[in-house]
J.: 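Structure provided below as structure tokens; questions to follow.
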Amino acid sequence: MNPQIFDNLCSGLSVSQNQPSTASFERINSRLFLFFLTLFIGSLIFWMKTFQHQLPAITDVFLNIYPSRVFNIDQYRQGVIPFWNSWIGCGIPQMASWQSSCFYPPFWIWNLLGTPDSLCIIGILHSCVACVGFYLWMRSQKISFLPAFLGSLSFSGSALFVFCWAHPPNIATLTWIPWIFWSIDQALKKNNTAARMLPALFLSLQILGGYPIFILYTWLILSFWFLSQKPSRQNCRWVAIQFLLALGLTSLQWMPFCEFFTYCGRGGWWKEFPYFDKPSEYLNLLNPSLLGIPGSNNYQGTTTNFVFNPYFGVISFFIVVWSWLSLFVKRSSGNLFWKITSLVLLLWMAGSTIFIFKVIPDKMLEMLEPSKAVSLFIFATATAAATQFHSWLAQSRKSLAFYGLTVLSLLWFFDILTVPFQIIHPIPNLFQQTAMSEKASQIEQIVRDKRILSLTQENQLAFTGADRLEKSVEEPASYFLSNSNGAWKISSADYYLSVWIKNAQNIQLYCNKGFPYRGDLLDVAGVRLFMLPQKISSSKYQIIGKWKNDFLMLNQQASENLRWVDNSVNYPDVPSILNILAQPHSGWRKKVYLEKNSMGTYVALAPSGQTIRVTSTENYQRSNGNRISLKAVFTKPGYVIFNDSYAPGWHAWVDGNPRPVFRADGLFMAVPLSENGLHQIDFRYEPTSFRLGLFLTMLSLCFFLFAAAPKGTNEKSFF
């Protein structure tokens with residue numbers, strides 16, 4: 001059916017009797033709006049109550065997200081900024097990670113109150129904020145309240161948003177998209193200081209949310225939309241200032257992230273992420289679970305992309321498809337930008353599988369991650385759907401089509417309301433169960449200040465159906481894998497030993513690609529306890545028990561977190577050192593392997609530019625993840641080795657005097673001691689990028705407050 005014919009029907013189909021007047025039209029719409037709003041608030045309350053002491057059965061929640069929240073809360077309770085997470089992979093930067101959102105204001109609820117159990121509740125509250133923001137955005141575009149509200153539901157109730165209830169950085173970044181567009185639109189229309197300063201605020205909140213690829217697409221589409229408004233030169237200057245001001249206000253977050261990103265990329269395994277390259281994946285536009293339970297073993301789409309589900313309502317999708325078809329029939333300038341943008345983004349998400357994008361180099365496509373454009377695709381399509389629906393309603397005030405559109409709005413609303421029931425499966429928060437906590441306490445006593453390695457033959461958190469979700473995540477090894485150790489305060493060396501080895505390559509690369517493992521690398525990394533589904537044949541690993549399907553094996557030869565050696569051997573690069581340590585009898589207890597390049601210079605971090613006051617410490621002390629100290633008597637010169645990951649931001653002092661930090665054993669850190677006797681060695685993680693970022697943030701905050709201050713009636717605006 002030609003879309004123009006339908007539009008003509010909306011405007012021309014009329015009868016002599018039972019025609020709704022303008023007053024009855026407004027009355028029906030207002031009542032429908034209040035009805036929808038009441039049910040929507042009720043559904044949010046229902047889901048908030050559902051997620052008390054429960055978590056969604058999604059792998060990342062257990063392996064990363066929940067433990068990361070626990071870690072942040074613990075650090076803030078100690079009065080410490082969570083710079084460094086010592087529990088994961090021999091230590092990684094926490095604040096600099098795009099997953100931490102350490103400075104995002106709404107997450108201070110967690111940090112101050114210590115309630116990680118409210119993970120999904122805070123996500124649901126973000127859906128409310130996003131819904132309000134999108135509604136304001138639609139109203140600013142002169143969309144009537146009913147289609148504006150339905151459009152806001154398509155955005156904030158989409159499958160992407162619901163999945164992101166359990167992904168704090170994602171939802172924190174998504175939430176502010178409509179607020180950013182709304183605030184800039186308001187600033188273009190209102191020439192006052194308050195309106196002109198709002199964009200910097202919302203842009204800053206999105207940056208602090210911490211998911212950079214969503215930010216990239218927001219700013220990209222925002223720029224195109226802004227230019228489509230034909231702004232004046234003054235407005236262009238003002239927008240540029242807003243962007244720069246937002247970057248300045250958030251420097252303390254993004255500058256450490258950029259530094260981290262320069263030496264710790266994602267690795268080769270990320271190649272499967274960037275595209276929706278299976279045609280079947282677009283069936284999710286018709287139903288969020290049409291390809292199977294997202295994240296399960298039987299899911300027919302790309303597993304790594306299941307969180308970025310493009311579903312935003314089947315009714316709204318067909319409305320948008322209709323608007324796309326109308327592009328080839330008639331020109332609709334009021335909705336043209338969002339029609340074209342949504343269609344282009346839909347094609348873009350397929351990446352290089354669409355022939356017109358094959359001209360873009362693969363490496364650039366990987367960096368741009370086309371599948372993550374789904375965030376702005378949903379925003380653009382929800383905007384286009386609401387605008388088109390508003391047009392139909394306006395044309396149908398004196399026609400039978402009005403009643404049809406009313407029924408359509410009911411289907412639209414209830415369709416969105418059912419999305420969480422289809423894709424979210426709450427299960428008890430097993431991190432808070434007594435039995436798991438007791439077992440974690442026993443393991444912590446065995447591991448002490450050293451590390452645990454837990455591996456599985458397959459991902460035990462990959463659930464296989466709603467009836468087996470809870471059973472599948474009860475396997476004990478699932479709660480001691482990779483990042484999950486942070487919830488128990490147990491150091492790990494899972495999957496990756498360090499942030500430095502070829503980004504995040506699997507530990508098996510240096511474990512002879514599987515078991516049995518007889519090399520020294522895990523000994524050097526301080527792995528004291530193994531939790532594995534099979535025995536290790538080497539005699540140096542002692543079986544001390546079994547927990548369900550996993551063997552617990554003790555390694556008495558594991559390195560201390562801080563140790564001393566009196567000799568060193570120079571090698572030209574990391575791979576040659578790791579190849580030595582991957583073999584037995586490398587002599588690591590008596591010597592340290594250092595890197596010396598062709599110029600004869602050691603690979604080392606520059607010493608701090610200042611001395612520190614030596615505070616008394618008893619032998620070995622680690623007060624928090626950012627600091628560690630050792631006080632001991634050394635019989636002769638040598639090296640003190642610290643087996644946390646070598647990374648920019650670490651500094652070392654000997655008796656309060658700064659010393660360079662050498663890269664030791666390919667992955668870790670060493671400080672030279674030039675003379676024997678009693679010495680205290682201090683390691684501190686204090687990234688210069690954060691100090692510089694904090695200075696720029698404070699400077700920008702002063703500028704922001706000055707510019708936002710009310711001006712006298714006779715004074716000109718700062719801009």
J.: Nearest 0.5 Å, please: how far is NE2 in H126 from OG1 in T175?
T.: 4.5 Å

J.: Applying ring pair (Phe, Tyr, Trp, His ring centres under 6.0 Å), run through F706 and F703 and close with a yes or a no.
T.: CA-CA 5 Å; F706 171 75; F703 178 84; 7.3 Å; no

J.: Aromatic ring centroids of W137 and W176 under 6.0 Å?
T.: no

J.: Counting only N and O atoms by type, is there a donor-acceptor contact under 3.5 Å from the side chain of S100 to the main-chain atoms of S97?
T.: yes

J.: Less than 6.0 angstrom separating the ring centers of F155 and F312, yes or no?
T.: no

J.: Between L39 and F414, is any pair of side-chain heavy atoms under 4.5 Å apart?
T.: yes

J.: May I ask you to check whether Y311 and F317 place their ring centers less than 6.0 Å from one another?
T.: no

J.: What pair of heavy atoms forms the shortest contact from T173 to G209, and how long is it?
T.: OG1-C, 3.9 Å

J.: Going by distance alone, is a donor N or O of one side chain under 3.5 Å from an acceptor N or O of the other, for S154 and S316?
T.: yes

J.: Begin with the C-alpha distance, continue with both residues' side-chain angles, and end with the deciding distance and a verdict on side chain to side chain donor-acceptor pair (under 3.5 Å) for T387 and K339.
T.: CA-CA 10 Å; T387 306; K339 288 179 182 179; over 6 Å; no

J.: Using only atom types and a distance under 3.5 Å, with no angle test, would you say the side chain of R139 pairs donor to acceptor with the backbone of I143?
T.: yes

J.: Take atom CZ of F695 as the centre, draw a 6.0 Å sphere, and report whether it contains more than 12 heavy atoms from other residues, nucleotides or ligands.
T.: no

J.: What are the two closest heavy atoms between Y66 and L55, and how far apart are they?
T.: CD1-CD1, 4.0 Å

J.: Verify, without hydrogens or angle tests, whether N309 (side chain) and P288 (backbone) share a donor-acceptor contact under 3.5 angstrom.
T.: yes

J.: Would I423 and V419 count as a side chain to side chain contact (heavy atoms under 4.5 Å, CB included) if you check the C-alpha gap in whole Å, the side-chain angles of each, and the deciding distance to 0.1 Å?
T.: CA-CA 7 Å; I423 60 177; V419 169; 3.8 Å; yes

J.: Given C131 and F149, is the side chain to side chain contact (heavy atoms under 4.5 Å, CB included) satisfied, shown in steps?
T.: CA-CA 8 Å; C131 186; F149 181 68; 4.2 Å; yes

J.: Starting from the C-alpha separation in whole Å, work towards a yes-or-no answer on side chain to side chain donor-acceptor pair (under 3.5 Å) for Q141 and D185.
T.: CA-CA 9 Å; Q141 302 303 297; D185 180 74; 3.3 Å; yes

J.: Atom CE in M138, atom CG in L146: separation rounded to 0.5 Å?
T.: 13.5 Å

J.: Could you go through F224 and F337, starting from their C-alpha distance and side-chain angles, then the distance that decides it, and tell me whether this counts as ring pair (Phe, Tyr, Trp, His ring centres under 6.0 Å)?
T.: CA-CA 9 Å; F224 286 127; F337 178 85; 7.7 Å; no

J.: Apply ring pair (Phe, Tyr, Trp, His ring centres under 6.0 Å) to residues W182 and F134 and explain how you reach the verdict.
T.: CA-CA 8 Å; W182 171 78; F134 197 96; over 10 Å; no

J.: For F46, does the CZ atom sit with more than 12 other heavy atoms under 6.0 Å from it, leaving out its own atoms?
T.: yes

J.: Do L285 and L346 make a side-chain contact, defined as non-hydrogen atoms from C-beta onward lying under 4.5 Å apart?
T.: yes

J.: Begin with the C-alpha distance, continue with both residues' side-chain angles, and end with the deciding distance and a verdict on side chain to side chain donor-acceptor pair (under 3.5 Å) for N72 and Q94.
T.: CA-CA 9 Å; N72 283 352; Q94 172 77 359; 2.9 Å; yes

J.: Show your reasoning for whether ring pair (Phe, Tyr, Trp, His ring centres under 6.0 Å) applies to H390 and F145.
T.: CA-CA 9 Å; H390 165 80; F145 48 83; over 10 Å; no

J.: Examine distances only and state if a side-chain atom of T250 and a backbone atom of Q253 form a donor-acceptor pair shorter than 3.5 Å.
T.: no

J.: Quick one: list whatever passes side-chain contact (heavy atoms from CB on, under 4.5 Å) with I41, sequence neighbours left out.
T.: L37, I45

J.: Any chance you could measure I180, atom CD1, to L205, atom CG, to the nearest 0.5 Å?
T.: 8.5 Å

J.: Taking the side chain as C-beta and beyond, is there a heavy-atom pair between Q75 and I81 under 4.5 Å?
T.: no

J.: Please tabulate, for side-chain N and O atoms in residues 160-169, each donor-acceptor pair with protein atoms closer than 3.5 Å (sequence neighbours left out).
T.:
{"residue": "W165", "atom": "NE1", "partner": "S127", "partner atom": "OG", "Å": "2.9"}
{"residue": "H167", "atom": "ND1", "partner": "F163", "partner atom": "O", "Å": "3.1"}

J.: Starting at CD1 of I177, measure out to OG of S156 and round the result to the nearest 0.5 Å.
T.: 12.0 Å

J.: When you look at L222 and W225, which way does the side chain to side chain contact (heavy atoms under 4.5 Å, CB included) test go after all the steps?
T.: CA-CA 5 Å; L222 178 66; W225 172 80; 4.1 Å; yes

J.: Do L201 and W179 come within less than 4.5 Å of each other through their side chains, counting heavy atoms only?
T.: no

J.: Side chains of P105 and W108: closer than 4.5 Å at any heavy-atom pair?
T.: yes

J.: A side-chain contact here means heavy atoms from C-beta on lying under 4.5 Å apart; do F226 and L188 qualify?
T.: yes

J.: Before we go on, tell me: are the rings of W219 and F243 under 6.0 Å apart, centre to centre?
T.: yes

J.: Determine yes or no for a side-chain-to-main-chain donor-acceptor pair under 3.5 angstrom, with S68 supplying the side chain and N64 the backbone.
T.: no

J.: May I ask you to decide if S140's main-chain N or O and Q186's side chain share a donor-acceptor pair within less than 3.5 Å?
T.: no

J.: Do you know the tightest heavy-atom contact between S342 and W324?
T.: OG-NE1, 2.9 Å

J.: Please name the pair of heavy atoms, one in F413 and one in L153, separated by the smallest distance, quoted to 0.1 Å.
T.: CD1-CD1, 3.1 Å

J.: Which atoms form the tightest heavy-atom contact between F107 and R69, and what is the distance?
T.: CD1-NH1, 3.9 Å

J.: Can you tell me if K189 has over 12 outside heavy atoms packed within less than 6.0 Å of its NZ?
T.: yes

J.: For residues F690 and M255, determine if any side-chain heavy atom of one lies less than 4.5 Å from a side-chain heavy atom of the other.
T.: no

J.: Under the side chain to side chain contact (heavy atoms under 4.5 Å, CB included) criterion, do F389 and S409 qualify, and how do the steps go?
T.: CA-CA 9 Å; F389 197 71; S409 65; 3.9 Å; yes

J.: Please report the closest heavy-atom contact between P256 and S689, naming both atoms and the distance.
T.: CA-OG, 3.4 Å

J.: Measure the spacing between SG of C120 and CD1 of I424 and express it to the nearest 0.5 Å.
T.: 6.5 Å

J.: Is the shortest heavy-atom distance from the side chain of I184 to the side chain of W238 under 4.5 Å?
T.: yes

J.: Is the backbone of W338 close enough, under 3.5 Å, to the side chain of T341 for a donor and an acceptor to pair up by distance?
T.: no

J.: Please determine which of L174, L216, N170, I171 meets the side-chain contact (heavy atoms from CB on, under 4.5 Å) test together with Y211.
T.: N170

J.: With rounding to the nearest 0.5 angstrom, report the CG to CZ distance, L376 to F214.
T.: 9.0 Å

